[in-house]
*Asks:* 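One structure follows; several queries about it will come next.
Just so you know, these numbers come straight off a predicted model, no measurement behind them.
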Number of protein chains: 2
Amino acid sequence: MKNLLHPDLAFRLNGRLWIEGPDDRFMGIGRLELLEKIQRLGSISKAAQEMGMSYKRAWELVSSMNQQAREPLVSTQTGGKRGGGAVVTAAGQQMLREFAALQARFQAFLAEETQRLAE
Amino acid sequence: MKNLLHPDLAFRLNGRLWIEGPDDRFMGIGRLELLEKIQRLGSISKAAQEMGMSYKRAWELVSSMNQQAREPLVSTQTGGKRGGGAVVTAAGQQMLREFAALQARFQAFLAEETQRLAE
DNA sequence: AGGCGTTATGTTTGCAGGAATACAACGCTA
DNA sequence: TAGCGTTGTATTCCTGCAAACATAACGCCT
């Protein structure tokens, strides 16, 4: 394969992985990162800010995940201490762990194939 | 994982794989299909038509691949018998084989992980 | 010589999807 | 009770990218 690529350019194998429902994406790398940030920051708005994404978009992603999951992955509260906030539920944490593990296996696959690519 | 998904909805694991250069994508599933159709039909325009894509877009993809490859993957001729045409070079055919094989291994990975998903 | 189907390339148009903006409701806190 | 930082939601504005359109050149073929 390497012998087919232009010698002056640096190439790299890349890919994406996601779980999709009938109408909508359910889980992907972006949603995973969003979950992580919500867990760390306790707020959808702060997580959105850190991802350089509008609050509305982040909220829509959370809503989509919650609707497609058996039980909500993120639980929210409007008003109250600090104005409210969001927490990742136990189900959300399990999702986070399992999808992160899947991602890791995918990265391993990519690394392995990248090796093969260089031959 | 299955226990986290909404029981009424059908989910499926999906993904994409591609090779990218510094500025532009080099090879992906769409470009692979385009190569296959060009080889079968002997023409960029016919291949574009069969893919439901504009000729211009197909031509740009071919141009991008040819520029990034060590040697052109598709060779074209303007004018002449049948108005001209395009053929996939030997390098193009090797690319086609190798990337198709990579795709197949990726599909196997997806299938395996889909199994694991259902647990 | 003229027609045809193709490659090759520039220009304009349309549109989907995200960003930006706006605003109501909520419930601690001071 | 007023303020603050959230969630929740509607609406308008942008813009990047693909589609659509247009046109030239090319070289067989009749």
*Asks:* Between B:Ile38 (CD1) and C:dA8 (C1'), how many Å, whole number?
*Replies:* 14 Å
*Asks:* Could you pick out which residue, A:Ala86 or B:Gln77, lies toward the 5' side of DNA chain D when each is mapped onto its nearest nucleotide?
*Replies:* A:Ala86
*Asks:* Look at the side chain of A:Lys56 against the base of D:dA10 and say whether a donor-acceptor pair falls under 3.5 Å; ignore hydrogens and angles.
*Replies:* yes
*Asks:* C:dT7, D:dG8, D:dA18: which one has an atom nearest the side-chain heavy atoms of A:Thr78?
*Replies:* D:dG8
*Asks:* To the nearest Å, give me how far apart CE (B:Met53) and P (D:dA20) are.
*Replies:* 12 Å
*Asks:* So, for B:Ala47 and B:Lys37, which heavy atoms are closest and what is the spacing to 0.1 Å?
*Replies:* CB-CB, 3.7 Å
*Asks:* Please give, in whole Å, the distance from D:dT6 P to A:Arg82 CZ?
*Replies:* 7 Å
*Asks:* To the nearest Å, how far apart are A:Arg25 CZ and C:dG17 C1'?
*Replies:* 14 Å
*Asks:* Calculate the interatomic distance between B:Trp59 atom CH2 and D:dT23 atom C1'; express it in whole Å.
*Replies:* 15 Å
*Asks:* If I take atom CG in residue B:Leu41 and atom C1' in nucleotide C:dT7, what distance separates them, rounded to the nearest angstrom?
*Replies:* 16 Å
*Asks:* Establish, with yes or no, whether the OP1 or OP2 oxygen of C:dG5 is under 4.0 angstrom from a side-chain nitrogen or oxygen of B:Ser45.
*Replies:* no
*Asks:* Find the distance B:Ile44:CD1 to C:dT9:P and express it as a whole number of Å.
*Replies:* 11 Å
*Asks:* For B:Tyr55 and C:dT11, what is the distance between atoms OH and P respectively, to the nearest whole Å?
*Replies:* 18 Å
*Asks:* Salt bridge check: are B:Arg25 and B:Glu20 linked by an N-O gap of less than 4.0 Å?
*Replies:* no
*Asks:* Is it true that the side chains of A:Gln67 and A:Ser63 contain a donor and an acceptor less than 3.5 Å apart?
*Replies:* yes
*Asks:* Under 4.0 Å between a side-chain nitrogen and a carboxylate oxygen: does that hold for B:Glu113 and A:Arg105?
*Replies:* yes
*Asks:* Is A:Ser63 near enough to D:dG8 that one of its side-chain N or O atoms lies under 4.0 angstrom from OP1 or OP2?
*Replies:* no
*Asks:* Can a donor-acceptor pair be found between the side chains of A:Ser64 and A:Arg31 at a distance below 3.5 Å?
*Replies:* yes
*Asks:* Which nucleotide, C:dT7, C:dA19, C:dC28, lies nearest any side-chain atom of A:Ser54?
*Replies:* C:dA19
